[in-house]
Number of protein chains: 2
Amino acid sequence: MTTARPAPVFTVPPEPAGTPDPLPEPDVADLRLETVLGALSDPLRLRIVRRLLLESEAFDHPCGWFGLDRPKSSLTHHFKALREAGVTRQRQYGLERRSQVRVADLEARFPGLLALVADWTPASG
Amino acid sequence: MTTARPAPVFTVPPEPAGTPDPLPEPDVADLRLETVLGALSDPLRLRIVRRLLLESEAFDHPCGWFGLDRPKSSLTHHFKALREAGVTRQRQYGLERRSQVRVADLEARFPGLLALVADWTPASG
DNA sequence: CGAGCTGTACGAGTTTGATCGTACTGCATG
DNA sequence: CATGCAGTACGATCAAACTCGTACAGCTCG
(Lines give C-alpha, C1' and ligand atoms only; values in the text may rest on other atoms or scores of the structure.)
Protein backbone atom coordinates (compact mmCIF):
# COMPACT_ATOMS: atom_id res chain seq x y z
CA MET A 1 0.00 0.00 0.00
CA THR A 2 1.47 3.29 -1.00
CA THR A 3 1.13 5.88 1.77
CA ALA A 4 -2.33 7.45 1.87
CA ARG A 5 -2.20 10.68 -0.07
CA PRO A 6 -3.25 14.00 1.50
CA ALA A 7 -4.39 15.22 -1.95
CA PRO A 8 -2.16 18.22 -2.74
CA VAL A 9 -4.02 21.20 -4.16
CA PHE A 10 -2.69 21.49 -7.68
CA THR A 11 -4.83 23.06 -10.37
CA VAL A 12 -6.72 20.07 -11.67
CA PRO A 13 -7.48 20.54 -15.38
CA PRO A 14 -11.25 20.75 -15.98
CA GLU A 15 -10.94 18.93 -19.33
CA PRO A 16 -13.45 20.84 -21.46
CA ALA A 17 -15.29 19.03 -24.23
CA GLY A 18 -14.03 19.23 -27.80
CA THR A 19 -10.41 18.81 -26.82
CA PRO A 20 -7.88 17.56 -29.37
CA ASP A 21 -6.46 14.12 -28.73
CA PRO A 22 -3.20 14.02 -26.80
CA LEU A 23 0.01 13.27 -28.64
CA PRO A 24 1.47 9.79 -28.10
CA GLU A 25 2.42 9.29 -24.47
CA PRO A 26 3.11 6.36 -22.15
CA ASP A 27 0.17 4.83 -20.33
CA VAL A 28 -0.15 5.41 -16.59
CA ALA A 29 0.76 1.82 -15.85
CA ASP A 30 3.91 2.16 -17.94
CA LEU A 31 5.31 5.13 -16.06
CA ARG A 32 8.75 4.26 -14.71
CA LEU A 33 10.20 6.03 -11.72
CA GLU A 34 13.72 6.09 -13.11
CA THR A 35 12.51 7.60 -16.37
CA VAL A 36 10.41 10.26 -14.67
CA LEU A 37 13.24 11.15 -12.32
CA GLY A 38 15.60 11.36 -15.27
CA ALA A 39 13.27 13.73 -17.06
CA LEU A 40 13.07 15.89 -13.96
CA SER A 41 16.81 15.93 -13.29
CA ASP A 42 17.28 18.93 -15.54
CA PRO A 43 16.90 22.52 -14.28
CA LEU A 44 15.17 23.74 -17.41
CA ARG A 45 12.62 20.96 -17.41
CA LEU A 46 12.14 21.34 -13.68
CA ARG A 47 11.36 24.98 -14.29
CA ILE A 48 8.86 24.11 -17.00
CA VAL A 49 6.99 21.60 -14.86
CA ARG A 50 7.05 23.86 -11.83
CA ARG A 51 5.56 26.76 -13.76
CA LEU A 52 2.88 24.51 -15.18
CA LEU A 53 2.03 23.37 -11.67
CA LEU A 54 2.02 26.75 -10.00
CA GLU A 55 0.77 29.19 -12.60
CA SER A 56 -1.51 27.02 -14.64
CA GLU A 57 -4.74 28.91 -14.10
CA ALA A 58 -5.79 28.04 -17.65
CA PHE A 59 -6.07 24.53 -19.00
CA ASP A 60 -2.71 24.19 -20.66
CA HIS A 61 -0.03 26.31 -22.22
CA PRO A 62 1.88 26.69 -25.48
CA CYS A 63 5.68 26.51 -25.54
CA GLY A 64 6.03 30.23 -26.01
CA TRP A 65 4.15 30.89 -22.78
CA PHE A 66 7.27 30.01 -20.81
CA GLY A 67 9.78 32.82 -21.02
CA LEU A 68 12.61 30.53 -22.05
CA ASP A 69 15.32 32.19 -24.09
CA ARG A 70 16.38 29.09 -25.94
CA PRO A 71 16.09 28.31 -29.63
CA LYS A 72 12.91 26.57 -30.65
CA SER A 73 14.64 23.32 -31.49
CA SER A 74 15.98 23.10 -27.96
CA LEU A 75 12.56 23.62 -26.50
CA THR A 76 11.09 20.94 -28.73
CA HIS A 77 13.73 18.59 -27.40
CA HIS A 78 12.84 19.21 -23.76
CA PHE A 79 9.08 19.21 -24.18
CA LYS A 80 9.34 15.97 -26.05
CA ALA A 81 11.49 14.48 -23.30
CA LEU A 82 8.91 15.43 -20.70
CA ARG A 83 6.07 14.01 -22.73
CA GLU A 84 7.84 10.76 -23.53
CA ALA A 85 8.70 10.26 -19.89
CA GLY A 86 5.04 10.69 -19.06
CA VAL A 87 5.42 13.90 -17.09
CA THR A 88 3.40 16.11 -19.42
CA ARG A 89 0.58 15.73 -21.90
CA GLN A 90 0.57 17.69 -25.13
CA ARG A 91 -2.30 18.58 -27.40
CA GLN A 92 -2.33 20.28 -30.75
CA TYR A 93 -4.51 23.41 -30.84
CA GLY A 94 -4.32 24.65 -34.38
CA LEU A 95 -0.93 26.22 -34.58
CA GLU A 96 0.11 25.70 -31.01
CA ARG A 97 1.06 22.59 -29.10
CA ARG A 98 0.02 23.07 -25.49
CA SER A 99 1.35 21.26 -22.48
CA GLN A 100 -0.03 20.32 -19.11
CA VAL A 101 1.31 18.19 -16.29
CA ARG A 102 -0.29 14.77 -15.90
CA VAL A 103 -1.13 15.55 -12.31
CA ALA A 104 -3.60 12.77 -11.65
CA ASP A 105 -1.45 10.11 -13.28
CA LEU A 106 1.72 11.15 -11.52
CA GLU A 107 0.04 11.48 -8.15
CA ALA A 108 -1.43 8.03 -8.58
CA ARG A 109 1.89 6.41 -9.41
CA PHE A 110 4.36 8.58 -7.51
CA PRO A 111 2.49 10.39 -4.75
CA GLY A 112 4.26 13.45 -3.45
CA LEU A 113 6.67 13.80 -6.33
CA LEU A 114 4.98 16.84 -7.82
CA ALA A 115 5.00 18.59 -4.46
CA LEU A 116 8.79 18.38 -4.51
CA VAL A 117 8.85 19.96 -7.95
CA ALA A 118 6.49 22.71 -6.84
CA ASP A 119 8.74 23.48 -3.87
CA TRP A 120 11.88 23.54 -5.98
CA THR A 121 13.79 26.79 -6.45
CA PRO A 122 16.26 27.35 -9.29
CA ALA A 123 19.94 27.54 -8.41
CA SER A 124 20.47 31.04 -9.86
CA GLY A 125 17.62 32.80 -8.18
CA MET B 1 3.38 23.71 0.55
CA THR B 2 4.89 20.29 0.97
CA THR B 3 2.09 17.87 1.63
CA ALA B 4 2.18 16.65 5.20
CA ARG B 5 3.73 13.21 5.02
CA PRO B 6 2.53 10.30 7.14
CA ALA B 7 6.10 9.82 8.39
CA PRO B 8 7.25 6.64 6.67
CA VAL B 9 8.84 4.11 8.97
CA PHE B 10 12.33 3.72 7.63
CA THR B 11 15.01 2.19 9.81
CA VAL B 12 16.51 5.21 11.48
CA PRO B 13 20.21 4.57 12.13
CA PRO B 14 20.95 4.52 15.88
CA GLU B 15 24.37 6.10 15.31
CA PRO B 16 26.50 4.20 17.86
CA ALA B 17 29.46 5.92 19.48
CA GLY B 18 32.95 5.44 18.09
CA THR B 19 31.82 5.74 14.50
CA PRO B 20 34.34 6.71 11.79
CA ASP B 21 33.84 10.13 10.25
CA PRO B 22 31.79 10.18 7.07
CA LEU B 23 33.54 10.66 3.76
CA PRO B 24 33.13 14.09 2.16
CA GLU B 25 29.51 14.77 1.32
CA PRO B 26 27.31 17.78 0.55
CA ASP B 27 25.70 19.58 3.45
CA VAL B 28 21.96 19.23 3.94
CA ALA B 29 21.37 22.81 2.86
CA ASP B 30 23.32 22.20 -0.34
CA LEU B 31 21.22 19.28 -1.50
CA ARG B 32 19.76 20.04 -4.91
CA LEU B 33 16.64 18.37 -6.17
CA GLU B 34 17.87 18.06 -9.74
CA THR B 35 21.11 16.44 -8.56
CA VAL B 36 19.35 13.97 -6.28
CA LEU B 37 16.84 13.07 -8.97
CA GLY B 38 19.68 12.59 -11.41
CA ALA B 39 21.44 10.24 -9.03
CA LEU B 40 18.23 8.26 -8.59
CA SER B 41 17.40 8.08 -12.29
CA ASP B 42 19.47 4.93 -12.69
CA PRO B 43 18.03 1.46 -12.07
CA LEU B 44 21.17 0.15 -10.42
CA ARG B 45 21.40 3.03 -8.01
CA LEU B 46 17.68 2.89 -7.37
CA ARG B 47 18.12 -0.73 -6.43
CA ILE B 48 20.97 0.11 -4.08
CA VAL B 49 19.05 2.82 -2.27
CA ARG B 50 15.90 0.75 -2.08
CA ARG B 51 17.72 -2.18 -0.54
CA LEU B 52 19.38 0.09 1.96
CA LEU B 53 15.98 1.48 2.90
CA LEU B 54 14.12 -1.79 3.16
CA GLU B 55 16.64 -4.34 4.43
CA SER B 56 18.88 -2.18 6.51
CA GLU B 57 18.38 -3.88 9.83
CA ALA B 58 22.00 -3.18 10.68
CA PHE B 59 23.57 0.26 10.72
CA ASP B 60 25.10 0.34 7.29
CA HIS B 61 26.41 -1.99 4.66
CA PRO B 62 29.55 -2.65 2.63
CA CYS B 63 29.45 -2.65 -1.15
CA GLY B 64 29.74 -6.42 -1.33
CA TRP B 65 26.55 -6.80 0.70
CA PHE B 66 24.52 -5.95 -2.38
CA GLY B 67 24.47 -8.86 -4.79
CA LEU B 68 25.51 -6.75 -7.75
CA ASP B 69 27.36 -8.61 -10.48
CA ARG B 70 29.34 -5.67 -11.77
CA PRO B 71 33.05 -5.08 -11.64
CA LYS B 72 34.30 -3.32 -8.56
CA SER B 73 35.28 -0.20 -10.41
CA SER B 74 31.73 0.19 -11.67
CA LEU B 75 30.34 -0.13 -8.18
CA THR B 76 32.77 2.46 -6.89
CA HIS B 77 31.48 4.80 -9.56
CA HIS B 78 27.85 4.41 -8.56
CA PHE B 79 28.39 4.56 -4.82
CA LYS B 80 30.44 7.69 -5.30
CA ALA B 81 27.69 9.23 -7.44
CA LEU B 82 25.15 8.54 -4.73
CA ARG B 83 27.35 9.98 -2.02
CA GLU B 84 28.26 13.10 -4.00
CA ALA B 85 24.62 13.76 -4.76
CA GLY B 86 23.92 13.55 -1.04
CA VAL B 87 21.77 10.45 -1.18
CA THR B 88 24.03 8.21 0.85
CA ARG B 89 26.64 8.58 3.56
CA GLN B 90 29.76 6.44 3.54
CA ARG B 91 32.11 5.55 6.37
CA GLN B 92 35.33 3.62 6.35
CA TYR B 93 35.32 0.62 8.68
CA GLY B 94 38.78 -0.87 8.41
CA LEU B 95 38.73 -2.63 5.08
CA GLU B 96 35.17 -1.91 4.18
CA ARG B 97 33.42 1.24 3.16
CA ARG B 98 29.84 1.06 4.36
CA SER B 99 26.89 3.00 3.05
CA GLN B 100 23.64 4.22 4.51
CA VAL B 101 20.88 6.41 3.16
CA ARG B 102 20.76 9.94 4.61
CA VAL B 103 17.17 9.41 5.63
CA ALA B 104 16.76 12.36 7.95
CA ASP B 105 18.46 14.82 5.61
CA LEU B 106 16.49 13.70 2.58
CA GLU B 107 13.20 13.67 4.41
CA ALA B 108 13.86 17.17 5.65
CA ARG B 109 14.64 18.55 2.22
CA PHE B 110 12.55 16.36 -0.06
CA PRO B 111 9.78 14.81 2.03
CA GLY B 112 8.24 11.74 0.45
CA LEU B 113 10.98 11.11 -2.05
CA LEU B 114 12.36 8.07 -0.24
CA ALA B 115 8.92 6.54 -0.03
CA LEU B 116 8.83 6.53 -3.82
CA VAL B 117 12.17 4.77 -3.93
CA ALA B 118 11.01 2.22 -1.39
CA ASP B 119 7.91 1.49 -3.47
CA TRP B 120 9.89 1.15 -6.68
CA THR B 121 10.12 -2.20 -8.43
CA PRO B 122 12.83 -3.06 -10.96
CA ALA B 123 11.79 -3.37 -14.58
CA SER B 124 12.87 -7.03 -14.95
CA GLY B 125 11.19 -8.46 -11.91
C1' DC C 1 56.44 -9.03 7.03
C1' DG C 2 53.81 -10.98 3.30
C1' DA C 3 49.38 -12.59 1.62
C1' DG C 4 44.87 -11.45 0.77
C1' DC C 5 41.03 -8.59 0.91
C1' DT C 6 38.05 -4.21 0.05
C1' DG C 7 37.83 -0.61 -2.44
C1' DT C 8 40.11 3.48 -5.25
C1' DA C 9 42.41 5.92 -9.18
C1' DC C 10 43.14 6.36 -13.69
C1' DG C 11 42.34 5.95 -18.28
C1' DA C 12 40.09 4.27 -22.66
C1' DG C 13 36.13 3.17 -25.22
C1' DT C 14 31.42 3.83 -25.77
C1' DT C 15 27.03 5.82 -25.21
C1' DT C 16 23.82 9.13 -24.01
C1' DG C 17 22.10 13.52 -24.01
C1' DA C 18 22.24 18.68 -24.44
C1' DT C 19 22.56 22.49 -27.71
C1' DC C 20 21.42 24.69 -31.69
C1' DG C 21 21.35 25.99 -36.90
C1' DT C 22 18.87 25.09 -40.88
C1' DA C 23 15.31 23.41 -43.49
C1' DC C 24 10.82 21.88 -43.37
C1' DT C 25 5.54 20.89 -42.28
C1' DG C 26 0.97 22.46 -41.21
C1' DC C 27 -2.33 25.76 -39.96
C1' DA C 28 -4.30 30.32 -40.32
C1' DT C 29 -5.40 34.63 -42.15
C1' DG C 30 -5.70 37.92 -45.38
C1' DC D 1 -2.81 31.42 -52.86
C1' DA D 2 0.76 33.77 -50.54
C1' DT D 3 2.52 35.16 -46.25
C1' DG D 4 3.55 34.34 -41.60
C1' DC D 5 3.70 31.75 -37.54
C1' DA D 6 4.26 27.56 -34.10
C1' DG D 7 6.62 23.92 -33.84
C1' DT D 8 9.21 19.64 -35.83
C1' DA D 9 12.95 16.90 -38.05
C1' DC D 10 17.42 16.25 -39.03
C1' DG D 11 22.07 16.48 -38.32
C1' DA D 12 26.48 18.23 -36.38
C1' DT D 13 28.96 19.28 -32.36
C1' DC D 14 30.18 18.97 -27.77
C1' DA D 15 29.97 17.58 -22.89
C1' DA D 16 28.87 14.34 -19.54
C1' DA D 17 28.42 9.93 -17.82
C1' DC D 18 28.41 4.76 -17.92
C1' DT D 19 31.40 0.54 -18.18
C1' DC D 20 35.22 -1.73 -17.11
C1' DG D 21 40.26 -3.33 -17.14
C1' DT D 22 44.36 -2.68 -14.86
C1' DA D 23 47.21 -1.09 -11.41
C1' DC D 24 47.50 0.54 -6.91
C1' DA D 25 46.53 1.93 -1.74
C1' DG D 26 45.42 0.60 2.82
C1' DC D 27 44.01 -2.50 6.31
C1' DT D 28 44.11 -7.09 8.68
C1' DC D 29 45.61 -11.28 10.08
C1' DG D 30 48.47 -15.21 10.26
Output one line per pair: protein atom, nucleotide atom from nucleotides 27-30 of chain C, and distance, for all N/O pairs under 3.5 Å.
none

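- Comparing atom distances between the A/Glu96 side chain and each of C/dT19, C/dG7, D/dA6 picks out D/dA6 as nearest.
- Partner of B/Val117 under the side chain to side chain contact (heavy atoms under 4.5 Å, CB included) criterion, out of B/Val101, B/Leu54, B/Leu106, B/Val49: B/Val49 alone.
- Atom C1' of nucleotide D/dA6 and atom NZ of A/Lys80 are separated by 17 Å, given to the nearest angstrom.
- Here the P atom of nucleotide C/dT16 and the CD atom of A/Glu84 are 15 Å apart, to the nearest Å.
- Of the side-chain N and O atoms in A/Arg97, none sit less than 4.0 angstrom from OP1 or OP2 of C/dG26.
- In this structure, the side chain of A/Arg98 does not engage the main chain of A/Tyr93 through any donor-acceptor pair within 3.5 Å.
- At D/dC18, one or more side-chain N or O atoms of B/Arg45 fall inside 4.0 Å of OP1 or OP2 (strictly under the cut-off).
- Here the P atom of nucleotide C/dA9 and the CZ atom of B/Phe79 are 15 Å apart, to the nearest Å.
- D/dA9 atom P lies 14 Å from atom CG of A/Leu75, rounded to whole Å.
- Remark: the backbone N or O of A/Pro24 is paired with a side-chain donor or acceptor of A/Arg83 at under 3.5 angstrom.
- Between atom OG1 of residue A/Thr121 and atom CZ of residue A/Arg47 there is a gap of 11.0 Å, rounded to the nearest 0.5 Å.
- When heavy atoms are screened at a 4.0 angstrom cut-off, B/His77 is found touching base atoms of the nucleic acid.
- When rounded to the nearest whole Å, the span between CG of B/Leu44 and C1' of D/dT19 equals 11 Å.
- Using a 3.5 Å distance cut-off with no hydrogens or angles, the side chains of B/Arg89 and B/Gln100 do not pair a donor with an acceptor.
- Atom pair B/Lys72:NZ and D/dT22:P shows a separation of 12 Å (rounding to whole Å applied).
- Separating the CG atom of A/Leu68 from the C1' atom of D/dA6 is a distance of 15 Å, rounded to the nearest angstrom.
- One N or O donor and one acceptor, one from the side chain of A/Ser73 and one from the base of C/dG21, sit under 3.5 Å apart.
- Interatomic distance, A/Leu116 CG to A/Phe110 CZ, rounded to the nearest 0.5 Å: 13.0 Å.
- Between the side chains of B/Ser99 and B/Gln90, at least one donor N or O sits under 3.5 Å from an acceptor N or O.
- Per the geometry, CD belonging to B/Gln90 stands 16 Å off P belonging to C/dT6, to the nearest Å.
- Close to D/dA17, at under 4.0 Å from its OP1 or OP2, lies no side-chain N or O of B/His78.
- Nucleotides of DNA chain C nearest to A/Ser74 and B/Arg83 differ in position, and the one nearer the 5' end is that of B/Arg83.
- For D/dG7, the OP1/OP2 oxygens have no side-chain nitrogen or oxygen of A/Thr76 closer than 4.0 Å.
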